[in-house]
Amino acid sequence: DAPDPLLERLVDHRPGRAAITADVLAGLSARPRALPSKYFYDARGSALFEEITRQPEYYLTRTELALLRQVLPEIAARVGPQARVVEYGSGSGRKTRLLLQALGDVVAYTPVEISRTALVDSVRALAMQFPAIEMLPVCADFTALPPLPPSRRTARRTLLFFPGSTLGNFAEAAAVSILRGMRLAMGPEGLALIGIDLDKDPATIEAAYNDVAGVTAAFTLNLLARLNREIGSDFDLSGFVHRARYVVPSRRIETSLVSRHAQVVRVAGQAFGFERDEAMHVEYSHKYGDAQFAAMAAAAGLRVGAAWDAPARMFGLRLLQP
Ligand code: AVI
């Protein structure tokens with residue numbers, strides 16, 4: 001076969017079996033038990049997430065897309081020409097397409113995505129649509145970034161794109177350290193465009209994580225199927241149920257897998273007993289207020305240079321600068 005230039009350039013820094021096993025053993029030994037949400041995103045998990053974004057209850061993606069369409073010309077004017085774009089958690093690249101189009105003469109694009117299938121598929125499609133942009137994909141957990149590949153042409157500035165309220169999947173201290181890492185990655189002239197879900201009526205938020213079609217439940221349970229396949233654990237998928245609740249004082253969705261009955265799960269030769277109704281934490285989805293988000297940015301040495309909100313404050317975009 002002819003060499004594939006895209007695959008040759010791809011920086012592959014995916015967590016392997018040993019790292020996943022270590023994370024899972026640590027999570028199962030903690031109280032309450034927890035599994036890292038980054039392991040949702042295998043090929044099937046990324047496909048299920050795309051399906052979530054099309055559910056009527058999941059307002060986040062369509063609201064952010066509509067807001068982006070509206071404000072991208074203004075963002076492009078603030079960013080200026082010949083930018084390098086780095087995106088965290090790029091997924092299908094649906095929002096990227098709009099951003100690259102609006103910016104016009106982007107020098108290089110570096111998507112950082114933990115799902116290799118999602119990364120390869122999206123970069124292939126983007127490379128066809130934007131042949132002049134150098135594609136420098138990185139398959140990695142963006143909280144443990146390898147050095148980013150250098151581009152052939154010099155860029156005037158770096159724009160870090162972090163849409164989707166993926167920041168909300170991290171507890172506050174971890175979110176601040178991601179923002180700090182972004183400030184370092186983008187440099188003194190850099191900008192960061194971040195999508196955040198805004199705090200609102202709890203029923204609307206809770207419905208988004210409990211769609212009637214059950215896609216979110218399938219997405220959550222797929223985590224167990226993935227671990228069984230990749231690290232040889234023996235989670236019984238019919239022994240756990242998806243639960244997502246909005247905890248108002250913490251302004252976050254807390255998603256768990258709840259054990260239906262007493263059971264034992266084996267991972268790497270170790271046995272873990274679950275009680276009936278025991279909840280294993282799998283994901284946070286934080287929702288933000290303006291003052292709170294600005295304070296987090298400030299703690300990372302960043303300030304909010306511009307802010308745009310969707311109607312009824314359903315979702316927000318923030319442009320951060322050092
Ligand atoms: C990727 N992330 C921002 C999604 C969210 O809304 O927290 C993941 C998700 N989990 C359940 N539904 C969607």
Side-chain angles (χ1 to χ4, degrees), residues 34-65 67-68 87-96 111-115 117-119 122 141-143 161-172 174-175 178-179 193-200 202-226 240-247 250-258 279-288 293 296 310 314-318:
L35 294 174
S37 61
K38 65 183 175 191
Y39 297 133
F40 281 144
Y41 303 95
D42 65 348
R44 169 128 182 92
S46 291
L48 282 167
F49 176 65
E50 283 309 305
E51 215 176 309
I52 289 175
T53 67
R54 291 190 293 268
Q55 298 310 301
E57 298 94 335
Y58 196 77
Y59 59 85
L60 289 80
T61 311
R62 62 170 181 276
T63 311
E64 186 180 32
L65 280 166
L67 183 58
L68 277 170
E87 180 173 1
Y88 285 3
S90 48
S92 71
R94 206 173 357 152
K95 295 162 198 162
T96 320
V112 181
E113 168 57 53
I114 199 165
S115 168
T117 311
L119 180 67
S122 73
D141 167 0
F142 54 71
T143 65
F161 186 39
F162 194 23
S165 203
T166 303
L167 185 71
N169 294 137
F170 297 86
E172 183 157 333
I178 291 169
L179 291 172
L193 178 61
I194 306 196
I196 52 171
D197 196 11
L198 301 173
D199 194 15
K200 60 181 71 65
T204 302
I205 298 174
E206 223 163 66
Y209 294 84
N210 291 284
D211 61 287
V212 169
V215 184
T216 308
F219 170 77
T220 309
L221 278 162
N222 177 63
L223 173 60
L224 303 184
R226 186 235 176 126
F240 290 89
V241 285
H242 160 90
R243 184 180 79 195
R245 292 180 178 160
Y246 192 59
V247 181
S250 315
R251 286 181 151 169
R252 66 189 182 198
I253 286 281
E254 296 186 359
T255 301
S256 303
L257 284 166
V258 181
M280 174 167 57
H281 169 73
V282 294
E283 187 183 47
Y284 291 130
S285 299
H286 287 81
K287 313 299 165 186
Y288 299 101
F293 182 75
M296 282 171 57
M314 286 297 276
F315 199 89
L317 287 167
R318 301 290 180 265

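Computation of the quantities below employed the complete heavy-atom set of this structure, encompassing side-chain atoms and omitting hydrogens, waters and symmetry-equivalent molecules. All ligand and atom numbering here is 1-based and tracks the order in the structure.
Remark: Arg94 CZ is packed, more than 12 non-hydrogen atoms of other residues, nucleotides or ligands lying under 6.0 Å away. Around the CZ atom of Arg245, the shell of radius 6.0 Å holds no more than 12 heavy atoms that belong to other residues, nucleotides or ligands.
Residues Lys200 and Tyr59 have side chains that bring a donor and an acceptor to within less than 3.5 angstrom of each other.
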Tabulation required: pairs of a nitrogen or oxygen in ligand 1 and a protein nitrogen or oxygen under 3.5 Å; columns are atom names and distance to 0.1 Å; otherwise 'none'.
from, atom 1, to, atom 2, distance (Å)
ligand 1, 2 (N), Asn169, OD1, 3.0
ligand 1, 6 (O), Tyr58, OH, 2.5
ligand 1, 6 (O), Tyr209, OH, 2.6
ligand 1, 7 (O), Asn169, ND2, 2.8
ligand 1, 7 (O), Ser285, OG, 2.7
ligand 1, 10 (N), Glu283, OE1, 2.9
ligand 1, 10 (N), Glu283, OE2, 3.2

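Taking both residues in full, the closest heavy atoms of Glu57 and Ala207 are given as CB-O, 3.3 Å, listed atom of the first, atom of the second, then distance. Heavy-atom minimum distance, Phe142 versus Thr166: CZ-CG2, 4.0 Å.
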Run the ring-ring contact (aromatic ring centres under 6.0 Å, His included) check on Phe40 and Phe219 step by step: do they pass? CA-CA 7 Å; Phe40 281 144; Phe219 170 77; 4.6 Å; yes
